[in-house]
Amino acid sequence: MASGEQSVAPPTRRSPLRRATAPAIGLLFALLALVTAPLAALVSRMAWRPGGATVPYGLVLSAAASMGVVVLARAVSRRHAFVAAAAWLVGLGVVMRGSPGGGFLIASDTLGWSFLVVATVVVIGSALLGGSGR
């Protein structure tokens, strides 16, 4: 190449198989995230109480599992990460709605509010930051 010339890369084309499987993969991530949110809410209540202290290991496990789903989706594409995060938020909304009998899975205490804040920030942050930009 002479000086001043720039190479132009040919446009990348996605194969028909990849275009056909992308929505299916997105749906699988959405279903996984939709199931993870209520399970994470259940696990977040676990705590070890040695003596007078409380160690909320369930909160760490639930935030890590929720983040793991979004990070796994992010490894495929950014769009899949947003789909997974949105499905996780929908699943959390279903949990927060409560039951017809008036019962709620997320208690209105420090542990419940911590789960809502920590897990939501982790899920949205995982979708927005880092990872693959595809």
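Throughout, residue positions are numbered sequentially from 1 according to the sequence presented.
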Under a 4.5 Å cut-off applied to non-hydrogen side-chain atoms, are [X] and [Y] in contact?
| X | Y | result |
| --- | --- | --- |
| Ile124 | Leu89 | yes |
| Met46 | Leu59 | no |
| Val123 | Met67 | no |
| Asp109 | Arg45 | yes |
| Val70 | Phe29 | no |

Could you check whether Trp88 and Ser66, counting side-chain N and O atoms only, form a donor-acceptor pair closer than 3.5 Å? yes
Kindly give the heavy-atom pair with the smallest separation between [X] and [Y], and that separation in Å.
| X | Y | result |
| --- | --- | --- |
| Val83 | Gly26 | CG1-O, 3.6 Å |
| Ala63 | Val118 | CB-CG1, 4.1 Å |
| Ala127 | Ala85 | CB-CB, 3.9 Å |
| Ala73 | Ala84 | CB-CB, 3.9 Å |
| Leu128 | Arg78 | O-NH2, 3.2 Å |
| Ala33 | Ala87 | CB-CB, 4.0 Å |

Starting at CG of Leu27, measure out to CG of Leu32 and round the result to the nearest 0.5 Å. 11.0 Å
Rounded at 0.5 Å granularity, tell me how far OG1 in Thr36 sits from CG in Leu31. 10.0 Å
Chi angles and distances behind the side-chain contact (heavy atoms from CB on, under 4.5 Å) call for Leu92, Phe115: CA-CA 11 Å; Leu92 184 65; Phe115 167 71; 3.7 Å; yes
I'd like to know whether Val55 forms a side-chain contact (heavy atoms from CB on, under 4.5 Å) with Arg49, so could you lay out the CA-CA distance, the side-chain angles of the two residues, the decisive distance to 0.1 Å, and finally the verdict. CA-CA 6 Å; Val55 179; Arg49 292 177 174 83; over 6 Å; no
Would you say Val69 and Val35 are hydrophobically clustered, going by side-chain heavy atoms of ILVMFWY under 4.5 Å? no
Is Ile25 linked to Leu72 within one hydrophobic cluster, defined over Ile, Leu, Val, Met, Phe, Trp and Tyr using a side-chain heavy-atom separation of less than 4.5 Å? yes
Please answer whether the main-chain N or O of Ala81 pairs with a side-chain N or O of Arg74 as donor and acceptor at a distance below 3.5 Å. no
